[in-house]
Amino acid sequence: MNKVKINSDIELKDRLVAINRVTKVTKGGRTFTFAAIVVVGDGNGIIGWGLGKAGEVTAAIAKGVEAAKKNLVKVPVLKGTIPHDMEAHFGGARVFMMPAAAGTGLVAGGAMRAVLESAGVKDVLAKSKGSSNPHNLVKATILALSKMRDAYTIAGMRGVSMEKVFRG
């Protein structure tokens, strides 16, 4: 994964994916805590996710945002879509994404949509198979996006021109 150092000039927007209320039953009664999954992104290829747990919802979200800012990754976004098809899985969640023509929109559900919107992807066809657990869906989507490579990266790695990458 391409880890990114956070700069003060990056404007990150946070998006809440899911909140889970956890109940612990003790001798004295029930104790409620909250776990929040948060995705942050600049809308231009930098995204991160975080999990925050606290006794109040707002505190859990704030902790999630701080955790998300600590594990940012850079993903390739070309003309509002992704460079190529990609499939990934994390736990029981499987995700499949493929590029779409301009104007198609973001065809993705739930947790995948939040991650793709935060990354700045505008046109993509995405499908989640298997588990719909938001924790694993977010992780699988970010894993799939971070494994993607654009043609410029491949040309630089091979040390050849862009024309040679496409010719063979």
Side-chain angles (χ1 to χ4, degrees), residues 1-22 33-91 93-100 102-128 131-153 156:
M1 285 195 204
N2 310 343
K3 289 278 185 186
V4 177
K5 295 268 189 210
I6 188 163
N7 298 338
S8 58
D9 58 338
I10 297 176
E11 181 70 30
L12 295 172
K13 294 181 198 74
D14 56 289
R15 176 175 261 110
L16 180 66
V17 177
I19 289 188
N20 190 21
R21 188 180 80 173
V22 181
T33 56
F34 297 91
I37 306 170
V38 181
V39 175
V40 298
D42 69 342
N44 200 18
I46 295 178
I47 53 170
W49 70 275
L51 175 66
K53 298 177 181 181
E56 297 174 11
V57 175
T58 52
I61 293 170
K63 283 183 180 181
V65 169
E66 290 306 310
K69 287 179 181 177
K70 289 178 184 170
N71 71 36
L72 296 174
V73 292
K74 176 86 172 124
V75 298
V77 178
L78 299 174
K79 299 176 186 168
T81 189
I82 55 178
H84 55 85
D85 294 7
M86 182 55 75
E87 194 165 346
H89 65 91
F90 192 97
R94 294 188 169 280
V95 296
F96 176 73
M97 294 181 277
M98 58 189 287
T104 304
L106 195 58
V107 183
M112 286 182 73
R113 177 177 288 272
V115 173
L116 293 167
E117 282 176 353
S118 295
V121 177
K122 307 241 183 324
D123 303 299
V124 71
L125 299 169
K127 179 72 182 162
S128 71
S131 173
S132 60
N133 179 354
H135 289 260
N136 289 339
L137 269 179
V138 166
K139 293 174 191 175
T141 307
I142 291 179
L143 178 65
L145 288 172
S146 63
K147 287 197 310 191
M148 288 191 183
R149 301 184 304 174
D150 59 346
Y152 302 107
T153 308

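Just so we're clear, the structure is a prediction, and the values are computed from it rather than from any experiment. Throughout, numbering of the chain's residues begins at 1 and tracks the sequence.
- Counting heavy atoms from C-beta on, the side chains of Phe96 and Asp85 come closer than 4.5 Å.
- At least one side-chain heavy atom of Val75 sits less than 4.5 Å from a side-chain heavy atom of Ile47.
- The side-chain heavy atoms of Val95 and Met112, taken from C-beta on, include a pair separated by under 4.5 Å.
- Put simply, the side chain of Ile82 does not reach to within 4.5 Å of the side chain of Val77, judged on heavy atoms.
- Annotation for Leu51 and Ala35: closest pair CD1-CB, 4.3 Å, computed over non-hydrogen atoms.
- Residues Glu87 and Lys147 come closest through the heavy atom pair O-NZ, 3.9 Å.
- What you find for Phe34 and Ala60 is that their closest heavy atoms are O-CB, 3.7 Å.
- A pairwise comparison of heavy atoms in Thr81 and Asp123 identifies OG1-O, 2.6 Å as the closest pair.
- The shortest side-chain heavy-atom distance between Val73 and Leu145 does not fall under the 4.5 Å cut-off.
- Heavy atoms from other residues, nucleotides or ligands lying under 6.0 Å from NZ of Lys127 number 12 at most.
- The NE2 atom of His89 sits 8.5 Å away from the CG atom of Leu143 when rounded to the nearest 0.5 Å.
- Rounding to the nearest 0.5 angstrom, the gap separating the CE atom in Met98 from the OG1 atom in Thr104 is 10.0 Å.
- Expressed to the nearest 0.5 Å, how far CH2 of Trp49 lies from NE2 of His135 amounts to 8.5 Å.
- The distance from atom CZ of Arg15 to atom CZ of Arg113, rounded to the nearest 0.5 Å, is 9.5 Å.
- Contact annotation: the side chain of Thr141 never approaches that of Val138 to less than 4.5 Å [non-hydrogen atoms, C-beta and beyond].
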